[in-house]
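Scroll down for the structure; my scribbles are underneath it.
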Protein chains: 2
Amino acid sequence: MSGVTREAVDSRQDILRTAARLFQQRGYDATSMNDVAAALKLSKGGLYHHFQSKDEMLFHIMNHALDITEERVVKAVRGIQNPEERLRTVIRLHIEVVLSVRDREVTVMLHENHPLPPSLRKQINQRKKDYIHFVEGLIAEVQKQKGTKGTVSARAAALALLGMINWIYQWYKPEGRLQAQDLIPQYTELLFAGAFQ
Amino acid sequence: MSGVTREAVDSRQDILRTAARLFQQRGYDATSMNDVAAALKLSKGGLYHHFQSKDEMLFHIMNHALDITEERVVKAVRGIQNPEERLRTVIRLHIEVVLSVRDREVTVMLHENHPLPPSLRKQINQRKKDYIHFVEGLIAEVQKQKGTKGTVSARAAALALLGMINWIYQWYKPEGRLQAQDLIPQYTELLFAGAFQ
DNA sequence: ATAATTCCACCGACCGATCGGTCGGTTTTC
DNA sequence: GAAAACCGACCGATCGGTCGGTGGAATTAT
């Protein structure tokens with residue numbers, strides 16, 4: 001067993017990536033299992049060899065989107081001591097994740113609210129809440145450090161920040177003006193000092 | 001003809017209101033024409049007497065949502081001379097529209113991106129763009145008035161503001177903490193001075 | 001005033017298509 | 001040769017949409 005046991009990469013991952021692409025482009029409901037199978041040059045029967053249901057695929061895609069966010073944002077800033085710098089980095093990384101062409105799972109998670117079976121649904125919602133809480137706590141830390149006296153609570157600021165970032169996929173066009181590298185400093189400054197400094 | 005010619009109110013409006021409620025609660029795709037008809041105590045055949053297709057209903061709902069926004073936000077602030085006060089009022093009114101239980105059409109318009117026939121789709125998208133432009137222009141005015149030197153462009157600020165407001169429906173619970181009346185001043189201050197003043 | 005006609009909201013059975021999902025059997029892989 | 005991967009025909013259900021017809025109110029003719 002010298003590095004074997006693998007090969008064929010683990011086709012589940014490939015399938016999920018393709019499915020995520022289609023779900024993002026056409027929407028979950030408008031994408032049939034036949035569409036997914038065809039895009040993978042599989043039959044529908046073959047596809048069902050790997051997944052039990054369409055819901056299960058959506059669940060895995062959403063879970064993977066949350067894995068990505070935790071990996072590329074939460075874990076990535078653990079080492080940063082200064083709260084303000086940590087928050088600035090979170091903003092940058094989160095925007096980069098949302099705009100990443102590679103991570104279409106994230107957009108699917110943001111947009112689709114197809115009713116999953118309750119147990120699966122609860123798992124996803126809990127992880128989403130955890131992330132909001134993470135951002136809220138970080139903002140509270142920065143507020144404390146800066147001695148903020150304003151009326152903006154950490155919770156409202158977190159929800160506003162996540163709202164403006166998570167809404168980007170609704171209007172962003174890679175070929176349009178306002179590119180990612182312009183967006184990051186502007187959204188950051190908006191949160192830290194408003195739009196009229 | 002003494003005030004006659006009416007009666008029966010105009011059932012198309014009633015139908016659209018019911019459809020909007022169902023579309024918002026269950027989603028457009030997950031709501032069948034039978035569901036809509038049943039909620040109105042109609043048969044599906046009877047429903048199709050009033051509308052040609054499900055797409056047409058969605059189009060009218062979205063158009064109506066844009067009517068509401070123009071009426072209750074854009075037109076409502078026309079009389080306000082001072083740009084800053086006008087912008088503050090726009091923020092308040094827009095949040096109130098998004099949170100209004102009565103205007104479920106708005107949430108439907110924000111969330112659903114079902115592919116309408118191109119001509120209808122273009123109309124909706126154009127009106128959305130017009131509204132973004134309206135907010136962008138207003139922000140630019142305030143920036144000029146205040147002599148803003150920062151790096152936040154009016155366009156980025158407009159998209160961020162609309163993002164944080166239009167995202168509210170994703171997390172807002174009427175029974176939760178963070179009510180509308182708390183939200184409005186906090187979102188306003190966030191845009192004007194950031195979260196750490 | 002009444003009979004005939006028009007009109008309109010509505011019904012309910014039906015259609016073709018498509019959907020998610022199944023299953024028995026065949027091919028591929030190691 | 002066993003096990004995993006895969007095929008393709010098939011199923012029941014549901015979908016958006018159609019259509020011939022019906023009953024009653026309004027309109028017109030007589």
Side-chain angles (χ1 to χ4, degrees), chain A residues 1-20 22-23 25-62 108 112-118 120-121, chain B residues 1-20 22-23 25-62 108 112-118 120-121:
Chain A
M1 42 179 86
S2 56
V4 196
T5 321
R6 296 169 66 278
E7 233 279 292
V9 190
D10 184 10
S11 42
R12 281 173 62 102
Q13 225 62 27
D14 297 337
I15 293 173
L16 288 178
R17 204 172 334 127
T18 298
L22 295 178
F23 290 170
Q25 288 169 348
R26 316 180 197 175
Y28 176 77
D29 289 308
T31 306
S32 72
M33 289 298 264
N34 225 335
D35 293 340
V36 177
L40 290 156
K41 287 171 185 167
L42 269 180
S43 72
K44 194 162 58 158
L47 180 57
Y48 272 93
H49 176 74
H50 297 276
F51 292 93
Q52 291 190 25
S53 71
K54 197 183 179 185
D55 277 356
E56 192 204 336
M57 288 186 53
L58 181 60
F59 171 73
H60 279 113
I61 288 172
M62 289 189 163
V108 173
E112 298 297 343
N113 51 0
H114 177 86
L116 292 174
L120 303 185
R121 192 180 180 81
Chain B
M1 44 178 93
S2 56
V4 196
T5 321
R6 293 170 66 277
E7 235 277 291
V9 191
D10 184 10
S11 42
R12 280 174 63 101
Q13 225 62 26
D14 298 337
I15 293 173
L16 287 179
R17 206 173 332 128
T18 298
L22 295 178
F23 290 170
Q25 289 170 347
R26 315 180 198 176
Y28 177 77
D29 288 309
T31 306
S32 73
M33 289 299 263
N34 227 335
D35 294 339
V36 177
L40 291 156
K41 286 170 185 167
L42 270 180
S43 71
K44 193 161 62 161
L47 180 57
Y48 271 94
H49 176 72
H50 298 277
F51 292 93
Q52 291 190 26
S53 71
K54 197 182 178 187
D55 277 357
E56 192 204 337
M57 289 186 52
L58 181 60
F59 171 73
H60 280 114
I61 288 172
M62 289 190 164
V108 174
E112 297 296 342
N113 51 0
H114 177 86
L116 292 174
L120 303 184
R121 192 179 180 82

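Reckoned from all heavy atoms, side chains included, excluding hydrogens, waters and symmetry mates. Nothing here was measured: the structure is a model prediction, and the numbers come from that model. Below, chains carry the letters A, B, ... as their sequence lines are ordered, and counting in each starts from 1.
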ask   = Given atom CG of B:L42 and atom P of C:dG12, what is their separation to the nearest angstrom?
value = 11 Å

query = Hey, which of these two, A:G46 or A:D29, hits DNA chain C nearer its 5' end, going by closest nucleotide?
reply = A:D29

key: Min side-chain heavy-atom separation A:L40-A:V36 under 4.5 Å   = yes

task = Among D:dG16, C:dG20, C:dC10, find the nucleotide with the atom closest to the side chain of A:M33.
result = C:dG20

message = Just the rounded figure in Å: distance from P of D:dG8 to NZ of A:K41.
response = 15 Å

query = Base, sugar-phosphate, or nothing for A:L47, non-hydrogen atoms under 4.0 angstrom?
reply = nothing

ask   = With a cut-off of under 6.0 Å to the ring centre and 45° to the axis, is B:K54 in cation-pi contact with B:Y48?
value = no

ask   = With respect to the side chain of A:Y48, which nucleotide from C:dC10, C:dG20, D:dG17 is positioned closest?
value = C:dG20

task = Would you mind telling me which of C:dC8, C:dC11, C:dG20 lies closest to the side-chain atoms of B:S43?
result = C:dC11

ask   = To the side chain of B:K54, which of D:dG16, D:dC6, C:dA9 is closest?
value = D:dG16

message = At less than 4.0 Å, is any side-chain N or O atom of B:H50 found next to OP1 or OP2 of C:dC10? Yes or no.
response = yes

message = Distance check needed: C:dT22 P versus A:E56 CD, whole Å only.
response = 12 Å

key: Euclidean distance, B:I61 CD1 relative to B:F23 CZ, rounded to 0.5 Å   = 5.0 Å

task = Identify which nucleotide among D:dC6, C:dC10, D:dG17 has an atom closest to any side-chain atom of B:S53, counting heavy atoms from C-beta outward.
result = D:dG17

request  = Can you check whether any acceptor in the base of C:dG21 is under 3.5 Å from a donor in the side chain of A:K44, or vice versa?
outcome  = yes

remark   = To the nearest angstrom, the CG-C1' distance between A:D35 and C:dC19 comes to 11 Å

query = To the nearest 0.5 Å, what is the distance between CE (B:M33) and OG (B:S43)?
reply = 11.5 Å

request  = Could you check how far CZ of A:F51 sits from P of D:dC6, rounded to whole Å?
outcome  = 12 Å

key: B:D55 and B:H114 side chains, donor-acceptor separation under 3.5 Å   = yes

request  = Respond yes when some side-chain nitrogen or oxygen of A:H49 is under 4.0 Å from OP1 or OP2 of D:dC6, and no when none is.
outcome  = no

key: Gap between atoms CG and P, on A:N34 and C:dT22 respectively (whole Å)   = 15 Å

request  = Round to a whole Å and report the spacing from CZ of A:R12 to P of D:dC6.
outcome  = 13 Å

